[in-house]
Amino acid sequence: ISKKVLEKWGPTAKLGIDLSAIKNAIVAEGEDEDKGGIVGFDRRRKLGFREFWGEGKEEGGGQFGEWEPIRVLKRRLRELEKKSEFGEIFGGFKNSEFVEKLKSSLKAIRKEPQESKEVPPLDVPELLAYLVRQSEPFLDQLGVRKDVCDKIVEGLCRKRKNQFLLPSLSSGKSTLLDENANDELDLRIASVLQSTGHCYDGGFWTDSSKHHPSDGKRHVAIVTTASLPWMTGTAVNPLFRAAYLAKSEKQNVTLLVPWLCKSDQELVYPNNLTFTSPEEQENYIRNWLEERVGFKADFKISFYPGKFSKERRSIIPAGDTSKFVPSKDADIAILEEPEHLNWYHHGKRWTDKFNHVVGVVHTNYLEYIKREKNGALQAFLVKHINNLVTRAYCHKVLRLSAATQDLPKSVICNVHGVNPKFLKIGEKVAAERELGQQAFSKGAYFLGKMVWAKGYKELIDLLAKHKNELDGFKLDVFGNGEDANEVQSTVKRLDLNLNFLKGRDHADDSLHGYKVFINPSISDVLCTATAEALAMGKFVVCADHPSNEYFRSFPNCLTYKTSEDFVARVKEALANEPQPLTPEQRYNLSWEAATQRFMQYSELDRVLDSEKDVKLSKTNGKSITKAVSMPNLSEMIDGGLAFAHYCLTGNEFLRLCTGAIPGTRDYDKQHCKDLHLLPPQVENPIYGW
């Protein structure tokens with residue numbers, strides 16, 4: 001009580017508290033015990049309060065009793081006396097809603113003994129098994145096969161096989177978190193992480209900020225290393241892939257192709273065809289595509305700076321290619337030739353910027369490099385560089401055939417189709433044959449870029465070795481290329497019956513009448529010309545090689561293992577008529593089927609359908625959340641490799657030593673002018689301001 005209040009009561013007022021009131025209240029309780037009810041209770045209460053407040057001190061007692069709070073308290077006590085029974089008050093309270101809620105809350109808090117079991121921590125064998133499991137790609141580079149790693153993991157986990165998952169067998173319920181789970185050990189790790197409350201948002205090297213689509217549609221960016229009018233596989237096939245992915249309208253699609261300055265265009269594009277602006281080249285690409293697919297493809301075409309390397313006969317990106325996909329569209333990336341795109345990539349890591357990155361391997365670079373000077377040494381270095389960049393920059397890698405290098409995270413699947421125009425030609429040929437007309441009036445031909453690595457060496461060797469057995473056999477050859485003069489002079493010196501003609505589109509009318517397509521190349525990964533010839537209903541004579549594995553199921557594909565088999569296959573094809581394609585065979589060659597295979601093997605269908613970045617597994621009526629980005633040693637190694645690659649490619653001297661084009665770490669002034677870009681020193685200032 002404040003000093004001012006005491007002064008108001010009077011100069012002689014004092015506050016007295018007599019502790020004997022407590023004793024009197026207890027004594028009174030004993031005296032009135034036999035009376036019971038509310039009367040005895042109120043008597044005890046009034047006695048205690050009266051003695052406590054009114055009888056403490058004789059001085060000033062009257063003043064203190066007149067205090068307003070005391071009068072209010074006395075009035076409330078008198079109102080309480082009007083209650084007839086003590087039980088009515090507390091009986092109503094007992095049945096009140098508050099008490100019921102309190103009781104139910106206490107029951108909910110209380111846990112049964114069997115539900116309070118803790119998740120057992122990981123033991124040493126489990127930790128070692130998980131370490132081996134996550135280190136499989138790294139151990140593979142050291143020569144330890146995957147089956148060996150699986151046996152090690154199985155041996156480590158055998159003793160605790162029945163304790164990997166929760167709950168235990170003693171509960172009488174299934175120990176499987178998810179009957180479809182492929183990796184019980186990973187789910188065991190997830191259950192332990194959940195029990196500890198661990199939440200993982202990113203890796204040591206990775207950026208946890210990823211694109212989350214806000215418009216309800218996913219975005220797919222297809223990045224390739226070539227563009228029309230260069231008629232090469234990496235220009236044509238990604239273009240068709242973009243068209244057929246966009247056709248479903250389930251996702252927005254962007255095709256990112258290289259832009260070459262005019263001086264490089266003159267070296268690459270046929271028939272002296274050049275473009276003054278990206279818009280002009282885009283119109284050419286779209287017109288070419290629509291003539292062949294028969295529908296208007298709704299996708300975006302963008303350009304990134306590139307330079308042509310005469311030594312490598314390929315286009316090398318200039319600057320950071322990933323910057324040319326806006327951050328708002330950085331959702332899913334398809335890297336056509338991921339090793340080629342990333343040899344000298346000095347920029348943001350693809351897997352950091354995009355949620356899902358798929359690489360499609362088109363070219364068997366090791367086969368080409370082995371043919372060059374010091375080829376064995378170069379092939380050794382390129383092999384490990386390819387392993388590094390595909391592992392560091394891709395989530396999934398698709399190899400068109402087993403003829404490619406065995407890369408980390410890769411599966412083999414033909415995800416290419418043929419131009420619909422070739423299928424229509426095949427249907428026309430089949431209709432003519434049903435009417436009894438002669439569909440093929442010419443013999444055999446070969447079509448391909450005139451460079452030694454495209455099968456010309458193998459072709460000349462076969463024809464020269466069996467010149468007598470193939471007496472009278474004439475072969476027309478269509479193609480242009482850097483080795484044209486050398487190839488033709490060699491054929492002339494060996495006096496072989498080859499007729500060289502100018503290169504042309506495989507769908508050209510002049511090629512419809514040929515019955516046999518001969519392709520002895522073993523450097524291809526999956527020859528597009530072979531698929532086109534089969535689609536047109538022709539015989540194909542090709543080597544028994546992994547690159548032709550997909551075509552063996554077609555009856556018109558005749559493969560050979562030896563040079564003698566080659567002669568026999570050529571004679572067989574010339575003496576017989578090819579079988580018409582069945583509807584199933586025709587569909588398997590189409591881009592619709594190829595797109596379906598691509599969606600399945602790249603796991604793009606799962607990614608596009610998923611709205612969350614977690615997988616849920618159920619056990620005993622509960623859910624365990626397993627993060628997709630669960631921390632593991634493999635991710636840390638991949639991040640370390642990406643960081644090391646970034647540091648190495650940032651040094652101009654090291655770039656030049658490994659064959660990079662000078663000045664390709666950044667784009668040049670001409671690219672700035674053509675593509676309307678800011679200069680690199682403005683885009684990436686030295687001091688970061």
Heavy-atom check, side chain of Gln251 versus side chain of Leu245, under 4.5 Å: yes
Show me the donor-acceptor pairs within less than 3.5 Å that the side chains of residues 568-577 make with the rest of the protein, sequence neighbours left out.
| unit_1 | atom_1 | unit_2 | atom_2 | d |
| --- | --- | --- | --- | --- |
| Arg569 | NE | Thr559 | O | 3.0 |
| Arg569 | NH1 | Glu572 | OE1 | 3.0 |
| Asn576 | ND2 | Glu572 | O | 2.7 |

Within a strict 4.5 Å, meaning less than it, do heavy atoms of the Lys465 and Asp461 side chains meet? no
Got a sec, which pairs hit salt bridge (charged side-chain N to carboxylate O under 4.0 Å, His left out) with one end in residues 438-456, sequence neighbours left out? Lys449-Glu482, Lys454-Asp524
Restricting to pairs with a member in residues 307-317, which pass salt bridge (charged side-chain N to carboxylate O under 4.0 Å, His left out), not counting sequence neighbours? Lys307-Asp668, Arg313-Asp483
Listed pairs under 3.5 Å, donor-acceptor, residues 413-429 side chains, sequence neighbours left out:
| unit_1 | atom_1 | unit_2 | atom_2 | d |
| --- | --- | --- | --- | --- |
| Asn414 | OD1 | His416 | N | 3.0 |
| His416 | ND1 | Asn237 | ND2 | 3.4 |
| His416 | NE2 | Arg241 | NH2 | 3.0 |
| Asn419 | OD1 | Lys421 | N | 2.9 |

Which residues pass the side-chain hydrogen bond (donor to acceptor under 3.5 Å, both in side chains) test with Tyr587, not counting sequence neighbours? Gln596
Could you tell me if the side chain of Val361 sits less than 4.5 Å from the side chain of Glu337, heavy atoms only? no
Answer yes or no: is there a side-chain heavy-atom contact under 4.5 Å between Thr225 and Glu336? no
Which atom pairs, donor and acceptor, lie under 3.5 Å between side-chain atoms of residues 491-503 and protein residues at least two apart or in another chain?
| unit_1 | atom_1 | unit_2 | atom_2 | d |
| --- | --- | --- | --- | --- |
| Asn497 | ND2 | Phe473 | O | 3.3 |
| Asn499 | ND2 | Asp476 | OD1 | 3.3 |

Of Ile222, Val220, Ile334, the one forming a side-chain contact (heavy atoms from CB on, under 4.5 Å) with Leu255 is Ile222
Side-chain heavy-atom pair Tyr244, Phe598 within 4.5 angstrom cut-off: no
Taking C-beta and beyond as the side chain, do Val516 and Lys538 meet within less than 4.5 Å on heavy atoms? no
Residue pairs involving residues 425-463 (criterion ring-ring contact (aromatic ring centres under 6.0 Å, His included); sequence neighbours excluded): Tyr445-His506, Tyr445-Tyr514, Tyr445-Phe517, Phe446-Tyr456
By side-chain hydrogen bond (donor to acceptor under 3.5 Å, both in side chains) - contacts of Gln405 (at least two apart): Asn386, Asn387
What pairs meet the ring-ring contact (aromatic ring centres under 6.0 Å, His included) rule with one or both residues in residues 527-561, with sequence neighbours excluded? Tyr560-Phe566
Is there a side-chain contact between Gln265 and Phe308 (heavy atoms, below 4.5 Å)? no
What residues, two or more places apart in sequence or in another chain, satisfy side-chain hydrogen bond (donor to acceptor under 3.5 Å, both in side chains) together with Thr224? none
Short question: side chain of Asn271, backbone of Leu273 - any donor-acceptor pair under 3.5 Å? no
Quick one: list whatever passes side-chain hydrogen bond (donor to acceptor under 3.5 Å, both in side chains) with His345, sequence neighbours left out. none
Is there a donor-acceptor pair under 3.5 Å between the side chain of Asp264 and the backbone N or O of Leu260? no
Can you name the nearest heavy-atom pair linking Pro270 to Pro229, along with the distance? CD-O, 3.4 Å
For residues Ser523 and Asn364, determine if any side-chain heavy atom of one lies less than 4.5 Å from a side-chain heavy atom of the other. no
Taking side chain to side chain contact (heavy atoms under 4.5 Å, CB included) as the test, write out the residues that go with Ser441, two or more places apart. Gln438
